[in-house]
Amino acid sequence: MAIMYNEKNGSFKLDTKGTSYVIGIVDEEKFVGHAYYGPRLLDDDVNYLLKTGEAPFTPEKNSRDRLSFLDCFPQEYPTGGVGDFRESAVMVRDNGGHRALALTLSDYRIYKGKDPLAGLPATWGSEEDTETLELTLVDKVLGIKAILSYSVFEGIDAVARSVRLVNDGEAPVTIERVMSASIDMDNREYDKIILHGSWARERHIDRTPVSYGVQSTSSLRGESGHQQQPFMALLEKSATQDAGEVYGINLIYSGNCMTLADRGQFDNVRLMTGINPEGFSWKLNPGEAFQAPEAVLVYSAEGLGGMSRAFHDLYRNHLIRGEYRDKKRPILINNWEATYFDFNEEKLLAIAKEASALGIEMLVMDDGWFGNRFDDNRALGDWEVNEEKLKGGLKYLVDEVNKLGMKFGIWFEPEMISPDSDLYRAHPDWAIQIPGRTAGLARNQYVLDMSRTEIQDYIFDKMAAVLHSANIEYVKWDMNRPLSDIGSAALSAECQGELFHRYVLGVYWLQERLITEFPKLLLENCSGGGARFDAGMLYYSPQIWCSDDTDAVERLTIQEGTALIYPLSAMGAHVSDCPNHAVGRTTPFETRGYVALAGTFGYELDVTKIPAEDREQIPAQVEMYHKYNDLVRTGDYYRLASYQQNRMYDCYMVAAKDKSEALVTYIQVLGRPNSHSRRILLKGLAADKLYRIEGEERTYYGSTLMQAGILMENIWGDFKGKLIHIVEA
Ligand code: GLA
């Protein structure tokens with residue numbers, strides 16, 4: 001890892017373990033060009049790629065064709081309005097209503113470590129393992145500065161980029177668009193991958209060719225959303241899990257976002273990500289700054305697997321924080337699918353008693369414990385314990401659960417307000433709404449205006465009072481509807497366009513306060529299942545509930561898509577009862593355990609009511625989790641087969657960083673007549689190490705297991721699974 005500036009040639013080079021990222025400064029005007037991103041280079045100057053020698057590419061020599069320069073020059077941070085007709089990364093409207101910006105280099109700084117991003121989640125690093133480059137670009141007419149920041153990390157092939165706009169001019173401007181990162185490259189017949197979905201079917205992988213024009217994936221819901229992810233990968237047509245070039249881009253942000261690829265007339269492609277410009281504007285007065293979220297770029301020459309492992313390493317080591325970052329999480333049992341709203345302290349204690357005897361370590365009380373919340377039509381905002389339901393109060397319940405040797409966790413939906421709530425009756429203007437227009441309800445609730453400090457303070461105090469009142473060690477932070485009818489009673493007309501982003505900043509601020517006040521708390525984010533499974537949330541909570549769909553088969557696709565970017569340590573995954581509440585499917589209890597093992601592991605069922613033969617399997621599943629979780633949480637992830645693609649079976653493995661052991665999880669979704677064993681080729685082992693398959697006598701070289709493979713016998717029936725533990729001999 002290193003960042004170098006070559007003064008003579010005017011280029012900046014960022015090296016990671018296996019990649020180089022080169023920025024070239026050209027012409028007397030100091031245009032900032034994107035020269036290269038790919039496998040590591042020995043040369044530090046590749047400015048010849050910026051075509052400065054060719055007419056009409058240098059404006060200084062050929063000002064009559066200035067526009068053709070701007071429209072094909074590979075820009076590092078493209079602006080609009082002055083001649084680059086492709087998608088721009090940044091646009092401001094000046095005091096006179098004009099839209100134009102031309103950014104050229106004015107200064108730079110290289111420093112060890114990495115400064116935090118004010119108010120936003122971001123990767124972090126120390127002076128020993130992280131280095132940062134800051135380029136200051138300036139528009140000489142308006143005095144607007146764009147400070148581009150790039151960080152590289154020891155041992156990880158990723159670059160973290162962000163942008164800060166500063167108004168150093170005399171007059172206010174309005175930011176209409178500020179993307180966090182953009183790269184221009186030649187299109188080598190790329191495919192693109194996005195993750196799409198819906199409630200209960202989040203993050204399905206979708207691969208299509210990059211066609212001409214703009215193709216994007218985005219959210220306008222005020223959250224990253226079930227439907228699309230702040231992520232895109234461009235990859236060679238021939239790229240597979242193991243080979244081929246892949247560029248991945250992921251935004252560390254939880255609100256409206258947009259990622260796009262723009263393939264142009266010269267077969268170049270511009271890839272960018274940032275806050276979705278639709279519905280966004282931000283007034284920037286002289287002397288003020290605006291910090292855009294951070295984006296992460298990963299280049300992998302080892303196919304999609306290489307990209308996933310780089311994201312996992314970066315997020316595990318430089319994004320996730322707190323007490324549980326490197327710890328095994330307690331096995332929890334959540335009462336949502338067990339009881340829905342129909343519970344009291346007796347039912348919960350009966351579940352806890354049975355669960356603790358089986359080895360489960362934490363009871364989580366889900367929705368329905370507060371105010372008048374007997375169903376989902378009321379009481380959000382009334383964060384006071386309903387002692388009719390919980391006789392003896394919260395402390396009694398928590399103490400009783402603790403006496404069983406279990407931890408206790410609780411559910412909140414802090415950002416919401418029900419029209420039928422004491423809070424709404426007292427503060428109807430606290431809901432996001434547009435005056436004169438009836439705001440739309442979803443799940444019979446409105447969204448609180450989290451941009452307002454008095455609302456943040458109120459909610460924080462309410463949550464803190466509950467959390468201080470008993471020994472509560474876990475919070476599930478839910479968010480069950482998107483934002484609509486965007487209006488804040490506290491913002492002026494010219495600043496209403498700031499609400500979406502200010503809302504997200506308010507949520508971040510509240511979560512930061514929560515984990516600061518309760519540093520030992522395990523926070524799990526959730527949003528109607530997995531509608532806010534994003535890197536922004538991972539900065540505050542080490543785990544996120546993946547999906548309300550807990551069916552073992554559906555989860556294979558959801559978890560494969562999630563693990564394309566996010567580490568297994570972050571994936572909330574539970575064993576639930578059958579027929580499954582989302583799809584009505586019945587799968588073996590054992591298989592549900594194998595599938596949940598890919599994530600944080602827990603239960604989502606009434607353990608007092610499930611069939612005895614299922615309950616009897618829980619102690620063995622608990623043992624399995626304790627045996628394998630360190631490996632699953634910390635190891636390297638390799639996908640061996642995808643049920644989403646082959647519609648028959650799924651297989652992935654996790655190999656220890658030191659290659660001393662590995663765990664293969666194989667799920668045969670559908671039985672197949674007249675079938676033989678399948679050969680599965682393992683990955684990520686040391687070729688020359690000797691391994692044993694647990695339960696067998698003989699040894700194999702890693703190369704044998706990887707090149708010749710192992711035999712996975714055909715299993716009789718559907719939905720059957722198998723774990724194979726490989727250990728160094
Ligand atoms: C969301 C969550 C569920 C559950 C319910 C409670 O749908 O994803 O796990 O907490 O809310 O209302």
Side-chain angles (χ1 to χ4, degrees), residues 323-324 327-375 379 382-414 462-478 514 517-524 526 543 545 572 574-577 600-610 612 614-616 618-619 621-622 625-626:
E323 175 79 8
Y324 281 96
K327 274 197 191 160
K328 207 193 277 179
R329 320 287 156 72
I331 301 178
L332 67 81
I333 183 160
N334 177 305
N335 74 307
W336 179 241
E337 288 194 22
T339 65
Y340 294 104
F341 292 99
D342 182 19
F343 65 88
N344 56 22
E345 83 293 345
E346 257 177 55
K347 270 196 191 174
L348 293 179
L349 285 172
I351 291 175
K353 200 165 165 212
E354 185 74 51
S356 70
L358 297 166
I360 297 172
E361 297 159 319
M362 178 160 74
L363 176 78
V364 174
M365 177 171 68
D366 209 280
D367 193 356
W369 56 266
F370 51 92
N372 202 17
R373 184 83 170 165
F374 289 95
D375 56 33
D382 296 344
W383 299 112
E384 258 135 52
V385 179
N386 182 326
E387 298 208 5
E388 237 176 85
K389 255 191 189 180
L390 302 180
K391 300 227 166 45
L394 185 59
K395 181 151 176 17
Y396 165 75
L397 174 64
V398 177
D399 287 348
E400 289 302 302
V401 170
N402 285 169
K403 276 187 211 156
L404 294 167
M406 289 177 97
K407 295 179 190 296
F408 185 89
I410 200 166
W411 178 97
F412 281 98
E413 198 178 352
K462 284 289 180 193
M463 292 180 81
V466 171
L467 297 178
H468 279 304
S469 74
N471 182 27
I472 299 172
E473 299 180 73
Y474 161 106
V475 163
K476 176 174 171 188
W477 178 307
D478 209 340
L514 196 69
E517 174 104 357
F518 302 96
K520 295 217 178 294
L521 187 75
L522 173 56
L523 185 62
E524 174 157 357
C526 170
Q543 60 193 57
W545 184 229
H574 298 165
V575 174
S576 63
D577 198 13
T600 55
F601 201 77
Y603 293 87
E604 190 96 11
L605 42 73
D606 187 342
V607 72
T608 66
K609 290 199 179 137
I610 57 170
D614 289 354
R615 190 164 42 242
E616 280 156 18
I618 292 181
Q621 288 185 336
V622 165
Y625 168 79
H626 287 300

Does W411 offer a backbone N or O that forms a donor-acceptor pair with the side chain of W369 under 3.5 Å? yes
E361 side chain to I331 backbone, donor-acceptor under 3.5 Å: yes
Could you check whether any side-chain heavy atom of W336 comes within less than 4.5 Å of a side-chain heavy atom of H574, counting everything from C-beta outward? no
Working note: F518 + M463, criterion side-chain contact (heavy atoms from CB on, under 4.5 Å); need CA distance, chi angles, decisive distance, verdict. CA-CA 11 Å; F518 302 96; M463 292 180 81; over 6 Å; no
Could you check whether atom CD of E517 has more than 12 heavy atoms from other residues, nucleotides or ligands sitting under 6.0 Å from it? yes
Closest non-hydrogen contact found for L349 with L404 is O-CD1, 4.5 Å
K407 side chain vs P330 backbone, donor-acceptor pair below 3.5 Å: no
A470 versus V398, closest heavy-atom pair with distance: CB-CG2, 3.7 Å
Closest non-hydrogen contact found for L523 with L514 is CD1-CD2, 4.1 Å
Do the side chain of N386 and the main chain of G371 share a donor and acceptor less than 3.5 angstrom apart? yes
Residues K347 and D342 bridged, charged N to O under 4.0 Å: yes
Checking N335 side chain against D366 main chain: does a donor-acceptor pair fall under 3.5 Å? yes
Test item: I618 and I360 side chains (from C-beta on) under 4.5 Å apart, heavy atoms: yes
Close side-chain approach of K391 to Y396, heavy-atom, < 4.5 Å: no
Using modelled atom types and a 3.5 Å cut-off, is there a donor and acceptor pairing between side-chain atoms of K462 and backbone atoms of P414? no
Grab the two heavy atoms, one from E323 and one from P519, that are nearest each other, plus how far apart they are. CB-O, 3.7 Å
Taking D399 for the side chain and N402 for the main chain, is one N or O donor matched with an acceptor at less than 3.5 Å? no
V575 versus L605, closest heavy-atom pair with distance: O-CD2, 3.7 Å
Just wondering, do D606 and D577 contact through their side chains at under 4.5 Å, heavy atoms? no
Which of these, L332, L397, V364, L348, sits in a side-chain contact (heavy atoms from CB on, under 4.5 Å) with F408? L397
Once you round to the nearest 0.5 Å, how far does CG of D367 lie from NZ of K476? 8.5 Å
Quick check on K327: does its NZ atom have over 12 non-hydrogen neighbours (other residues, nucleotides or ligands) under 6.0 Å away? yes
Taking the side chain as everything from C-beta on, heavy atoms only, tell me whether M406 gets closer than 4.5 Å to I333. yes
Side chains of R329 and Y474: closer than 4.5 Å at any heavy-atom pair? no
Using 0.5 Å steps for rounding, measure from the CG atom of L394 to the NZ atom of K389. 13.0 Å
Nearest-0.5 Å distance, CZ of residue R615 to CD1 of residue I610: 6.0 Å
Mind running side-chain contact (heavy atoms from CB on, under 4.5 Å) on E524 and Y324 for me, showing each step along the way? CA-CA 11 Å; E524 174 157 357; Y324 281 96; over 6 Å; no
I410 side chain reached by V475 side chain, heavy atoms, under 4.5 Å: yes
Please examine the side chains of L522 and E473, heavy atoms only from C-beta on, and report whether any two atoms are closer than 4.5 Å. no
Going by ring pair (Phe, Tyr, Trp, His ring centres under 6.0 Å), F370 matches just one of W383, F341, F412. Which one? W383
Verify the neighbour count for atom NZ of K353: are there more than 12 heavy atoms of other residues, nucleotides or ligands below 6.0 Å? no
Under a 3.5 Å cutoff, is there a donor and acceptor pairing between the side chains of Q621 and Y603? yes
If I compare all heavy atoms of V401 with all of A352, which pair ends up nearest, and what's the gap? CG2-CB, 4.3 Å
